Amino acid sequence: METNSISKSIFFLYFCFIILVNLQLIQCGVTYDKKAIIINGQRRILISGSIHYPRSTPDMWEDLIMKAKEGGLDVIQTYVFWNGHEPSPGNYYFEGRYDLVRFIKTVQKAGLYVHLRIGPYVCAEWNFGGFPVWLKYVPGISFRTDNEPFKMAMQGFTQKIVQMMKSESLYETQGGPIILSQIENEYGSEAKAFGAAGQAYMNWAATMAVRLDTGVPWVMCKEDDAPDPVINACNGFYCDAFTPNKPYKPTMWTEAWSGWFTEFGGTVHQRPVEDLAFAVARFIQKGGSFINYYMYHGGTNFGRTAGGPFITTSYDYDAPIDEYGLTRQPKYGHLKELHRAIKLSERALVSADPIVTSLGTYQQAHVFTSGSGDCAAFLSNFNSKSAARVMFNNMHYNLPPWSISILPDCRNAVFNTAKVGVQTSQMQMLPSNSQLLSWETFDEDMSSLGEDRMINSFGLLEQINVTRDSSDYLWYITSVEINPSESFLNGGEWPTLTVGSKGHAMHVFINGQLSGSARGTRENRRFTYTGKVNMRAGTNRIALLSIAVGLPNNGAHYETWSTGVLGPVELHGLKEGKRDLTWQKWSYQVGLKGEAMNVVSPNGVSSAEWMQASLAAQKQQPLTWFKVMNCQKIASD
Ligand code: GAL
């Protein structure tokens with residue numbers, strides 16, 4: 001391996017040397033100037049798209065990447081997901097959906113480049129923003145600030161990834177596809193909130209990254225103070241107002257949001273391709289030279305990888321390639337045509353700053369010319385209501401409202417962002433005939449709840465401290481003695497239970513019966529449950545099933561945010577008045593029986609006895625697992 005990578009590097013240096021001697025004096029590797037990223041001496045307009053490797057299966061990768069190439073992309077951008085790669089300290093995993101090297105080599109095989117966003121903080125609607133939960137328990141740690149234990153851990157993982165990439169010869173300077181990297185993610189607002197410590201950490205992160213000597217530039221997105229030579233970049237729905245923090249850095253857009261993520265029960269967002277194309281064309285006409293679609297293929301949050309809380313398992317994102325790997329039309333096709341028009345204009349675009357002239361109140365021309373006679377023009381109409389007929393170079397052009405026409409030769413408009421010429425029929429997902437689906441159910445056994453794997457304490461424990469995120473579920477169980485003299489026992493009004501939770505959702509069981517549920521939201525994880533409870537004389541059992549629905553992935557020091565039932569827990573309406581249960585004895589059980597039995601295993605390796613759903617339909621069971629196999633082939637025409 002070692003010899004192989006050394007010989008590849010030598011070959012590459014030799015190759016560069018040849019260029020140097022026979023052609024002209026060019027700089028090998030990847031650099032940049034104020035106009036663009038420069039690859040082996042050539043300024044490039046780079047069209048990139050995010051495809052996160054663990055959000056699809058390795059079997060899908062080649063097809064997704066080939067579709068990206070066919071769609072006119074030059075670069076695939078991905079984050080690196082620390083918690084997937086280091087599930088426990090020093091225990092690494094790079095297999096299956098986490099086979100980062102295989103993913104990058106698949107991109108390389110397709111002839112595309114890679115932008116590797118190591119982070120290792122990634123945000124990304126990913127559980128805990130990509131940090132392993134064990135990191136929170138490193139003594140003295142404080143995330144994403146000038147804190148030695150954090151910096152040590154961050155450096156360790158970053159180094160590990162860079163080393164892995166180097167030993168596989170994956171950097172461009174070694175003949176590999178990686179042309180760019182990223183350290184941190186959108187740290188700008190955090191840096192300001194953390195004051196001097198934030199600034200010191202940000203400078204440290206940049207220096208640490210640059211010292212790793214990858215031979216390719218580092219980017220810090222949404223970090224206006226990114227120190228040289230790190231490039232600051234924009235993220236957003238529009239980025240035409242963005243200017244890099246130094247005049248000698250290129251204008252880069254690391255996240256052009258193609259749609260948006262979804263929350264459970266929330267809106268499924270869509271972004272019209274006309275607007276996305278307009279935003280991209282507007283960025284390029286302003287002098288932008290790198291644009292990345294976030295996401296180009298969003299994919300799926302498998303298992304318990306979704307963050308939030310309450311981010312859905314689908315991360316489709318209304319991206320040009322949908323969750324299932326199918327091209328989404330007309331988004332995919334219209335962007336492909338946009339990319340073609342931009343590429344036809346590339347030589348002029350990278351050669352000079354645009355000359356801007358007014359063509360009307362809301363209309364402008366941006367004209368790029370090169371010394372060797374190339375000319376490209378972008379004609380824009382910013383009026384969102386009315387079309388305009390403009391005169392440019394003695395010719396008339398019709399510009400629909402809120403649109404940009406691209407003229408790669410300054411004469412012929414080959415593309416207009418608002419004129420969707422590709423297939424306009426849209427694919428509709430229809431529910432399959434549910435009778436063909438054979439649903440099965442498995443009842444979660446609550447009869448032995450509280451008999452094994454119990455932790456006891458007086459008072460309420462924070463959920464993640466107990467589960468260490470090994471499960472979403474934590475049972476909080478306690479007993480309540482009710483005096484036979486209570487008036488509600490003879491048909492009077494039941495007492496009311498109130499439960500304060502720091503998040504995220506909860507089911508309340510009284511003596512084994514589901515009594516009610518409550519939940520917070522992504523913005524406000526806390527909630528208070530209030531409900532009447534059916535209690536009897538003697539001992540009653542309260543079992544609260546607290547559910548963490550994806551750990552937060554952003555917010556200042558989210559590692560300190562609590563989860564679970566933290567009180568107060570109170571019973572109201574007893575003769576004695578309010579009874580506070582918060583500080584009495586509570587027992588805890590981590591996870592569900594079904595999890596321990598691995599009922600979610602796709603290969604069915606589980607001792608669970610599943611029942612046909614039709615047979616189970618009449619039964620009243622509050623906690624039930626459902627599964628369905630769909631092996632039917634859907635005919636296409
Ligand atoms: C950005 C962030 C991404 C992702 C996106 C929303 O601010 O950098 O990681 O979270 O928002 O999908």
Side-chain angles (χ1 to χ4, degrees), residues 48-56 75-84 115-131 143-144 154 180-193 202 205 218-224 226 230-239 241-242 252-264 266-271 276 279 283 290-301 305-323 521-523 549-556 558:
S48 169
S50 290
I51 300 178
H52 296 157
Y53 52 99
R55 284 178 156 145
S56 52
V75 183
I76 302 296
Q77 187 204 65
T78 182
Y79 282 126
V80 177
F81 297 88
W82 187 357
N83 52 13
H115 178 198
L116 194 66
R117 305 173 93 189
I118 300 181
Y121 167 70
V122 299
C123 193
E125 291 70 67
W126 192 262
N127 197 42
F128 221 37
F131 288 138
F143 286 6
R144 303 180 72 203
M154 169 166 165
L180 288 166
S181 256
Q182 179 177 299
I183 196 75
E184 252 296 339
N185 190 77
E186 297 193 334
Y187 190 66
S189 53
E190 226 97 329
K192 284 189 184 79
M202 194 271 297
W218 288 87
V219 173
M220 274 183 156
C221 64
K222 269 192 151 178
E223 175 49 81
D224 294 345
V230 177
I231 307 166
N232 66 315
C234 182
N235 293 345
F237 286 108
Y238 300 93
C239 272
F242 170 79
M252 294 178 63
W253 188 359
T254 33
E255 290 182 26
W257 296 326
S258 56
W260 201 241
F261 58 85
T262 48
E263 300 176 34
F264 283 114
T267 313
V268 177
H269 301 275
Q270 290 180 324
R271 183 170 193 196
L276 179 57
F283 182 74
F290 178 99
I291 136 81
N292 174 74
Y293 296 101
Y294 187 101
M295 303 291 297
Y296 196 73
H297 167 258
T300 305
N301 291 318
T305 56
F310 298 110
I311 304 294
T312 54
T313 41
S314 170
Y315 199 65
D316 179 88
Y317 226 89
D318 195 31
I321 303 178
D322 76 9
E323 176 170 9
T521 61
R522 194 172 69 89
E523 289 75 24
V549 197
L551 299 184
N553 56 276
N554 68 356
Y558 63 74

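Predicted model only: the values in this text are computed from it and were never measured. Start at 1 and go down the list; that is how both ligands and their atoms are numbered.
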Closest by any non-hydrogen atom to atom 12 (O) of ligand 1: pick that one out of Tyr121, Tyr317, Tyr79, Trp257. Tyr317
Does anything in residues 115-131 pair up under salt bridge (charged side-chain N to carboxylate O under 4.0 Å, His left out), and if so which pairs, sequence neighbours excluded? Arg117-Glu255
Measure centre to centre between the rings of Phe261 and His269, then say whether the value is under 6.0 Å. no
Are the ring centres of Phe237 and Trp260 closer than 6.0 Å? yes
Is Asn185 in polar range of ligand 1, meaning some N or O pair under 3.5 Å apart? yes
With heavy atoms of Val122 as the reference, note each atom of ligand 1 found under 4.0 Å away. 9 (O)
N or O pair under 3.5 Å between Ala124 and ligand 1: yes
Considering only protein heavy atoms, which is closest to atom 2 (C) of ligand 1, and at what distance to one decimal place? Glu255 OE1, 3.5 Å
Of His52, Glu186, Glu125, Gln182, which has the heavy atom at the shortest distance from atom 10 (O) of ligand 1? Glu125
Record the part of Trp126 in heavy-atom contact with ligand 1 below 4.0 Å; permitted values are side chain, backbone, both and neither. neither
For Asn232, check side chain to side chain donor-acceptor pair (under 3.5 Å) against everything at least two apart and list the hits. none
Just which atoms of ligand 1 are under 4.0 Å from any heavy atom in Trp260? 6 (C)
